[in-house]
Enquirer: 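The structure that follows is given in the form of structure tokens.
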Amino acid sequence: MTSFELPRARPVTERPAPVDPPCWHHPEWSERHPWLVQGCTGRGADDDFDLSPFGAAPAGAVVQRWAELRRALGVAASVHAPQRHETGIRSHSETGGGLHLVEPCDGHLTRHPDVLLAVATADCVAITLVAPRERAVAVLHAGWRGVAGGMARAGVGAMRDRLGVQAHDLEAHLGPAICGACYEVGPEVHEALGLEVPPRNTPVDLRRVLVRDLVAEGLRPAAVTASTWCTRCGGSPFFSHRAGHAGRQMTFAAVRR
Ligand SMILES: [Zn+2]
């Protein structure tokens, strides 16, 4: 099977939030889950709202942008980590305010209020998992290596084993990422993703592969949504690695205090 024969998630278009700096929110979640802080940042009007502390942007400017983001969202603490295209997930509890850079990992989860979890992307998929009943959240970074390595299983498993959240109680959103038309990859990537192996470089839709994987882990298909935004095409307001941008946006989630 190719990725284009897999079911799509229900499409959702993130909307600009009425805050400065530039943030985009899942409109259904904003309405349904007032306890939840969620969304992702954008490039900004001058293409310079880069939040990655591990890239080219000056550290002082990055720290300042994180402070602006926390102020706009009304959250005291934020956590982020260098990402390794693996499936390690860290749990976070109450912490002091400010930006906390922790040891490398590709996912974060918490049920504690006032801790903003964030993963960086610029074409890769950011997965947000929300447990409305338990009021717990996770954000996960998954490029093709993370998807192939089992990030869906790791994320759903961590919510179950550490927080007692069952898969059928989870909602998932696959954020702005490179689309199936723009993301051409080699046959080895298709093979690693468990897809039909094409004879030459061929596009793949990573978000559809993640829908397959999340549903296989027990999520209800109706509880999985995917952004209509492609980071690369369609005049996207987001950074795209393949479009040559050096910056990174943050997909974030927190339990409101
Ligand atoms: Zn595209």
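Indexing begins at 1, ligand by ligand and atom by atom, following the structure's order.
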Enquirer: Check for me whether the distance between the ring centres of W144 and Y183 falls short of 6.0 Å.
Expert: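 No - the distance between ring centres of W144 and Y183 does not fall below the 6.0 Å cut-off.
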
Enquirer: Residues two or more places apart in sequence or in another chain: which of them pass salt bridge (Lys or Arg N to Asp or Glu O under 4.0 Å) with R84?
Expert: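 Partners of R84 under the salt bridge (Lys or Arg N to Asp or Glu O under 4.0 Å) test: none.
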
Enquirer: Report the distance from atom CZ of R212 to atom CG of L193, rounding to the nearest 0.5 Å.
Expert: 7.0 Å

Enquirer: Just jot down the ring pair (Phe, Tyr, Trp, His ring centres under 6.0 Å) partners of H141, sequence neighbours excluded, or say none.
Expert: H85

Enquirer: Show all protein N/O/S atoms under 2.8 Å from the Zn ion (ligand 1), or state that there are none.
Expert: C179 SG, C182 SG, C230 SG, C233 SG

Enquirer: State which residues pass ring pair (Phe, Tyr, Trp, His ring centres under 6.0 Å) with H112; sequence neighbours excluded, sorted by chain then number.
Expert: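 For H112, no residue satisfies ring pair (Phe, Tyr, Trp, His ring centres under 6.0 Å) once neighbours in sequence are set aside.
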
Enquirer: In terms of ring plane angle, is the pair H80 and H108 parallel, tilted or perpendicular, where the classes change at 30° and 60°?
Expert: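 Ring orientation of H80 relative to H108: tilted.
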
